[in-house]
Structure formats: structure tokens, C-alpha cells
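For reference, the structure discussed in these notes is given below.
Computed over heavy atoms, backbone and side chain alike; hydrogens, waters and symmetry mates excluded. Proteins come first, then strands; the chains are lettered A, B, ... in the order of their sequence lines, and each starts at number 1. Nothing here was measured: the structure is a model prediction, and the numbers come from that model.
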Amino acid sequence: MPCSEKIVQWMHNYLDGDIQKEEEQQLRSHIQQCEACREHFYELKKTAAFVENVSHFIPSDDFVKKVMYNLPREKRRVRWKRWFTHHPFLTAASLFILLSTSSLWAVWQEDNEFSFSKQEHLIVQNHTVIVPEGKVVEGDIVVRNGNIKIEGEVHGNVTVINGHKYLASAGEVTGQIEEVNEVFDWIWYNVKRVGYNIAKTLTK
Amino acid sequence: MDMFIKQRIKAIKKGDQSAFADIVEMYKDKIYQLCYRMLGNRHEAEDAAQEAFIRAYVNIHTYDPTMKFSSWLYRIATNLSIDRIRKKKPDVYLDAEVSGTDGLTLYSQLADESASPEDALESLELQQMVQEAILKLPEKYRTVIVLKYIDELSLQEISDILNLPIGTVKTRIHRGREALRKHLGHL
């Protein structure tokens, strides 16, 4: 057993690096003389060394992943914001695509009314435009949201948007005849028309 | 370093989770070590350490920047470990897995040519004895001893983490060390 509480206190203070110079000197000189205290101090130092040098384990490799997976979901706004700031080009591109498709869609949805190009001789029955037998229509015909039945002759192009064409055996179309039923066809049709118009203005 | 942590915390407060991954990466070893020494079981330590980080994330708004961030994390992990110790049945230790052995197999020790098998076994046994001695400490002594030795924390830091007067921390370390000496001093 060590001699006194005070000595033991100093030993601990020493191990904590929290001892006055004077006390340390007194402790040293006491330990040199007293075997019990020397033994006690040695055991304490050994114990501290054991605990300090106990081998360190590391957590599993996917520790970070597991923690992140278990976090409450972050605010949507932040996630989008981060994505946008990290991908400025994609952000611009997707914004452009979004805007252009939505406007196209709106236009496609908008004109769902039955309409057709005014030409001579045409007869209309229940959303069906008829080119009567024996008649000749001079010019192009465009029918929207309806059908066309060609029994006579058309000297020009025929285009049916969102509908069907019926060509009778006696019917004749000198130009192109086209059905446009899907939004992509429609886009393509518009693109072609713009191109055609440009070409026409250029050749004038 | 401090600047880096401050930035991360700012980002986390705005709700940016990816910033938190850096924090976990930085402190995971220390926090895991703390939980392991407190609980004496790798599986439980892993679980507790993860929970500690999740709690830190959820409560990041309560973090007071005048405190060291690591101290704040240690505080969360310590409280959590103590909760878990208290929830355990007192007789759990008797048949708990022998601490300090899992992950350290005899084979892995033998593969290390610098140590002879006898030495390896001896150190393995010593590891177990140290961990068992720590686990035998009452929680208030165990906490201060673990904090002191896993990260060489100063008395002031331990007093901040546990929110205890420095004198109390000292007394507890001294008593804890005396208790450990009884188990380990004769080796």
C-alpha cells in the first residue's frame, strides 16, 4: 500500500500531465525511497500504457455508405439545386427541350378542330371532305382532324392531319398524298413545310 | 481544417447531405473506437456509431460553434453509448463475446512474421484483458477513461464533452485508473 492519499494523488496528476514542478520533485524523491509507492506508481504507469496501446479497430468499409443511406431524405430543393450547379450544360439543354416540347404539344393539342383548305368543287359530309367523281380540283388540299375521300381528280398535293384518306379507283392525285397521325409525324410535316416554303421563296 | 469543417456544417445546415459524408469520413474511426471501448462489441459499436452520426445530422442545428465540433460529436456518441449500456441487462457481460478478439484471428496474427505465435497469443490475450477491465468499470469511470485514451483528449476537452467540472473529471479518471490497476497492474 502506498503511504498517503497525497502521494497517490500526485501520481495521477503526473499521469494526467497536470502536476506542479515542486510536487513532481517531491514525488520522485519519495518514490526512490519507498518501495510500496514505487510499485504502485509502476502499476499505474503500466495500466495507462496498456489502455493507451490497446489495438484500434476500424469500422466496416461501407460505414459511410450505411450512415448516408439511413439519413432522413434531404429537401428536394437542395438536391435539385446541387444537380443544377454541377451540370450547367445539361440544365440548359433540358430546359430548352422542356420548353420547346411543351410549346409544340400545346400547338398540337390546340388545333383539334376540323378544317380543310377551301377549294372549288369540294363536298363535306360529317368531317369527311369529298372530291366528287368527274370533278377536278386545282391546287393543294389540307384536311385537319377529318378524312378525305377522293373520287375525282386533284391537281396538287393532298395532306390529311389526324385522319384518313380514301382513294377511289377512279380518283387521282397528281401531287403527293400524305397522312399525318402522330405528333412526331406532325412535327416532321411542319419541318418539311417550313423547308418547302423557304425553298419556294428562294426560287421566286 | 477548421475552415473545412465550418464550410461543411454550413452546407449541411442548408440540407446538403453530401457535405455530411465528408464529416462521417473524417470522424468515423474515432467515434467507432469510442463506441467499441464503451460497449465492448464490434457489432454493437458499429450500430451505435452509425446512430451517433445520424443523430448529429438530425440535430446539426443545435450545434454551438463555440464548441469544438469533435467534442460535440463525442458528446453525442458518449451519451448514446451510456444509454445502450443502461438498456442492457446487467448479466450480459458474463456471456458476452470475448471482446477484442473478433477481427483479430490467430491466423492474421501468425501471418505477421515479426511476432512469434507465442507473442501474438500473448498480445491477443492482453488485448482481451484490457478491454474486459474497461468494461468492468462503472459507466462514469469508463466514459472518462475511454475519452482520455482514445484521442488523448485534454481534461478540459473531456470536461466540455461531459459538461462536468474539471475537478470531477480528474477524480473520475483517478478512480477509474485505480480500478484498472487492480485488474491489469499485476500483469
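Of the listed residues (B/E178, B/K170, B/E25), the one with the most heavy-atom contacts under 4.5 Å to chain A is B/E178. In terms of non-hydrogen atom pairs under 4.5 Å with chain A, the most contact-rich of B/K148, B/E51, B/H186 is B/K148.
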Problem set entry | salt bridge (Lys or Arg N to Asp or Glu O under 4.0 Å) between B/R86 and B/E139, worked out | CA-CA 9 Å; B/R86 285 182 188 162; B/E139 71 189 38; 2.4 Å; yes
For this session: Show your reasoning for whether side chain to side chain contact (heavy atoms under 4.5 Å, CB included) applies to B/Y74 and B/K68.
Result: CA-CA 10 Å; B/Y74 283 141; B/K68 249 176 101 172; over 6 Å; no
Exercise. Should B/D47 and B/L39 be marked as a side chain to side chain contact (heavy atoms under 4.5 Å, CB included) after you check the CA-CA gap, both sets of side-chain angles, and the distance that decides it?
Worked result: CA-CA 11 Å; B/D47 211 46; B/L39 299 165; over 6 Å; no
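Looking at B/I54, both its backbone and its side chain come within 4.5 Å of chain A, counting heavy atoms on both sides. For chain A, no part of B/V146 is nearby; none of its heavy atoms comes within less than 4.5 Å. Of the two parts of B/I31, neither the backbone nor the side chain holds a non-hydrogen atom closer than 4.5 Å to a non-hydrogen atom of chain A. Both the backbone and the side chain of A/N13 come within contact range of chain B, each with at least one heavy atom under 4.5 Å from a heavy atom of that chain.
Between B/H174 and A/H12, the ring-plane angle classifies as parallel under the 30° and 60° cut-offs.
Counted by atom type alone, B/E132 and B/H183 present zero donor-acceptor pairs between their side chains at under 3.5 Å. Counting only N and O atoms by type, the side chains of A/T128 and A/N126 include no donor and acceptor under 3.5 Å apart.
The number of heavy-atom neighbours closer than 6.0 Å to CG of B/D64, taken from other residues, nucleotides and ligands shown, is above 12.
Among B/R42, B/Q50, B/R37, the one residue that satisfies the side chain to side chain donor-acceptor pair (under 3.5 Å) test with B/Y32 is B/R42.
For residues 22-31 of chain A, an interface with chain B (any heavy-atom pair closer than 4.5 Å) does not exist.
Counting heavy atoms from C-beta outward, A/I148 and A/F116 have side chains that stay 4.5 Å or more apart.
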